[in-house]
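Here is the structure we will look at, set down as structure tokens.
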Amino acid sequence: MAGNQHFNRLIEAGNPVGEVIGVDRFLIRVRGLHPVSIRALIMFEDGSKGFVHHIHEDYAVILHLGVSSITVGMVAVVQHNELVSKVGKDFVGRVVSVTGDPLDGKGPIAADGVWPVFHDAPPLYEREQLDTQLPTGVTAVDALFPLVRGQRIAVLGDSKSGKSTLATQLAINQADSDIVVVYTLIAKRRSDVELLLSRLNEHGAMKNTIVVVATMFESLVMSYLAPYVACSLAEYLWQRTDRDVVIIYDDLTSHAHIYREISLLSGVSPGRDSYPGDMFYAHSSLLERAGKLKRNHKTLTSLPLVLAASGDITAYLPTNVMSITDGQWILDMDIFRSGQRPAVSAGLSVSRVGGRGHNSRQKQLAAQTLKALAAYRQAQEFAHFGSELALAARRDLETGKRIRAVLNQAPGVNYSVLSQQLMLDIVVNLKDNETLDIDAMKSAVESVARLIKQDNDYDNVRDELKAKSLLELKK
């Protein structure tokens with residue numbers, strides 16, 4: 001009834017009115033709404049809502065957001081000239097739907113206001129250069145392909161290669177930091193939602209996280225809007241409450257499939273792989289909303305997850321997203337099957353701006369480690385022939401094995417940036433006559449790393465950790 005009163009008020013205010021002339025599931029054709037703009041919010045006489053997807057000469061195509069059935073002859077009215085979402089600081093720590101309603105049973109959420117769902121990215125003159133590392137807690141990423149606050153980095157890999165697990169580890173690592181994480185689940189199963197929430201709660205990371213959920217059982221329109229609504233929540237915290245925010249889109253492949261389906265049903269001409277012509281714009285307009293603002297020096301960091309079916313990163317969607325982002329972490333199924341976690345490919349992954357967050361020691365260690373891993377892969381090729389390996393190749397093989405053992409990290413186990421440096425420094429520079437207990441080093445490193453109060457302490461602490469790890473083996 002309240003919806004009807006609101007509807008009547010909009011009519012009385014003289015807002016443009018139209019009549020429903022066709023219904024195809026969630027696609028509603030309305031005649032007479034003109035003048036109306038793309039993505040304007042529309043209210044139907046039953047109180048349900050929709051937004052303008054396409055405008056034709058004599059009618060507009062509305063994407064219906066409700067579950068009620070719209071019938072031909074119903075009246076529609078323009079409620080707002082753009083689609084807006086509820087936003088506010090009280091959303092932090094909550095699980096919400098695309099419409100901003102709580103899904104965690106913790107009661108209603110008081111919104112601070114509304115924010116445009118399809119908001120424009122900040123212009124270049126409002127931005128500043130990125131320079132602060134954002135630790136993920138994952139050694140293979142932080143040490144070799146670092147992420148800086150405000151960066152956009154794609155996570156690509158085949159199905160079940162560990163993309164969501166890596167993104168979750170990043171979220172868990174922000175549990176005690178000043179960063180808010182907005183995690184978007186797009187067209188996921190309920191089991192995926194429960195798994196994410198249990199991991200976040202288990203590690204105490206939920207208090208710093210907003211989870212936006214669109215399941216595969218909801219309307220396609222909700223899954224299409226999910227990343228844009230999540231970005232609005234993140235933008236509000238970033239631009240209005242001066243918080244550093246990370247947003248994770250899990251995943252943009254599902255989003256692209258949904259957008260393709262909506263577009264084809266709307267009668268849009270299909271392009272490459274049957275995607276609509278504005279597929280690139282749909283994702284670039286979303287990812288370009290990340291960055292660092294001059295006025296408050298705060299950042300929005302963006303991590304889109306993309307499926308690379310059968311490991312093919314040259315397919316349409318992976319190349320689209322890679323060209324929009326500032327680097328990519330590529331997860332390889334062969335590395336995954338070999339037991340390495342996370343299965344980050346050192347040969348294909350790259351961070352184009354991440355090096356800005358590294359100090360000189362980190363840069364030197366990253367260069368040494370990548371060089372050692374390249375030599376290890378080459379030595380492995382020689383080892384396949386079964387012939388006697390040269391001393392240098394045997395040394396490369398041993399060093400590579402040690403590095404891989406350090407980089408191997410179970411989900412939920414995170415290391416500080418200093419701990420990662422200490423471990424890599426020891427294994428990369430180990431002498432031929434020394435043997436290391438990697439497990440002993442890993443278990444001792446966090447407590448030892450806390451002893452580093454200033455840069456001068458680093459060498460002593462590293463030598464102490466190395467001695468401990470060598471002694472453990474002798475016992």
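Any value given below was found using the heavy atoms of this structure, including those in side chains, with hydrogens, waters and symmetry copies removed.
At least one donor-acceptor pair closer than 3.5 Å links the side chain of T319 to the backbone N or O of Y316. Checked by atom type and distance alone, the side chain of E398 never pairs as donor or acceptor with a backbone atom of R395 at under 3.5 Å. Within the 3.5 Å criterion, the main-chain N or O of P304 finds no donor-acceptor partner in the side chain of R152. When atom types are taken as modelled, the side chain of W329 and the backbone of F145 share a donor-acceptor pair closer than 3.5 angstrom. Panel note: side chain T299, backbone D244; no donor-acceptor pair is recorded below 3.5 Å. In terms of modelled atom types and a separation under 3.5 Å, the side chain of S223 and the main chain of L220 share no donor-acceptor contact. Judged by distance alone, the side chain of R190 and the main-chain N or O of F217 form no donor-acceptor pair under 3.5 Å. The closest donor-acceptor contact from the side chain of S219 to the backbone of V221 lies under 3.5 Å. Side chain of D457 to main chain of Q454: a donor-acceptor pair is present (N/O by atom type, distance under 3.5 Å, no hydrogens or angles). Listed for the T184 side chain is a donor-acceptor partner under 3.5 Å among the backbone atoms of I248.
Evaluation of the salt bridge (charged side-chain N to carboxylate O under 4.0 Å, His left out) test over residues 100-117, restricted to residues two or more places apart or in two chains, returns K86-D101, K89-D112, R94-D104.
Looking only at side-chain heavy atoms (C-beta outward), V96 and V229 stay at 4.5 Å or farther from each other.
Applying the side-chain contact (heavy atoms from CB on, under 4.5 Å) rule to S164 yields the partners Y183, D250, L305; only residues at least two apart in sequence or on another chain are considered. Listed by chain and number, the residues in a side-chain contact (heavy atoms from CB on, under 4.5 Å) with Q420 are T139, D142, Y415 (sequence neighbours excluded).
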(message) Checking S351 against Q151 for the side chain to side chain donor-acceptor pair (under 3.5 Å) test, could you report, in this order, the C-alpha distance in whole Å, the side-chain angles of both residues, the deciding distance, and whether it holds?
(response) CA-CA 9 Å; S351 180; Q151 188 175 353; 3.2 Å; yes
(request) Report the C-alpha distance between T165 and R341 in whole Å, list the side-chain angles of each, state the deciding distance to 0.1 Å, and finish with yes or no for side chain to side chain donor-acceptor pair (under 3.5 Å). (result) CA-CA 10 Å; T165 303; R341 302 288 186 277; over 6 Å; no
(request) Let me see the working for Q340 and D332 under side chain to side chain donor-acceptor pair (under 3.5 Å), right down to the final yes or no. (result) CA-CA 10 Å; Q340 192 75 14; D332 190 300; over 6 Å; no
(request) Would you check, one step at a time, whether the test salt bridge (charged side-chain N to carboxylate O under 4.0 Å, His left out) holds for D176 with K207? (result) CA-CA 9 Å; D176 300 312; K207 65 179 185 289; 3.5 Å; yes
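Within 6.0 Å of NZ in K363 there are more than 12 heavy atoms belonging to other residues, nucleotides or ligands. Around the CZ atom of R189, the shell of radius 6.0 Å holds no more than 12 heavy atoms that belong to other residues, nucleotides or ligands. The environment of D178 atom CG is dense: over 12 non-hydrogen atoms of other residues, nucleotides or ligands sit within 6.0 angstrom.
Under the side chain to side chain contact (heavy atoms under 4.5 Å, CB included) test applied with R149, the options V246, L130, L134 reduce to a single match, L134. The only option from L307, I186, I258, L156 that meets the side chain to side chain contact (heavy atoms under 4.5 Å, CB included) definition with T253 turns out to be L307. Checking each of V141, L252, L303, V306 against V155 for a side chain to side chain contact (heavy atoms under 4.5 Å, CB included) leaves exactly one that passes, namely L303.
A salt bridge does not link D437 to K442: none of the charged nitrogens lies less than 4.0 Å from a carboxylate oxygen. A salt bridge links D131 with K292: at least one charged nitrogen is closer than 4.0 Å to a carboxylate oxygen. Checked for salt-bridge contact, K466 and D463 miss the test: no charged N lies under 4.0 Å from a carboxylate O. Between D326 and R356, none of the side-chain N atoms (NZ, or NE/NH1/NH2) sits under 4.0 Å from a carboxylate O, so this pair counts as no salt bridge. Using a 4.0 Å cut-off between charged side-chain N and carboxylate O, K188 and D251 make a salt bridge.
The distance from atom CD of E235 to atom CG of D120, rounded to the nearest 0.5 Å, is 9.0 Å. Distance CG/L365 to NE2/H358: 9.0 Å, rounded to 0.5 Å. The CD atom of E218 lies 11.5 Å from the CG atom of L65; values are rounded to the nearest 0.5 Å. Taking OG1 of T215 as the reference point, atom CG of L185 lies at 10.0 Å (rounded to 0.5 Å).
Residues S419 and S416 share a closest heavy-atom pair of OG-OG, 2.9 Å. The two atoms that bring N208 and A175 nearest to each other are ND2-O, 3.5 Å, heavy atoms only.
Note on ring orientation: taking the six-membered ring where Trp is involved, the planes of F51 and Y224 are parallel (angle under 30°, cut-offs 30° and 60°).
Between H283 and Y259, the ring center distance fails the sub-6.0 Å criterion.
Checking D425 against Y458 by side-chain atom types alone, a donor-acceptor pair falls below 3.5 Å.
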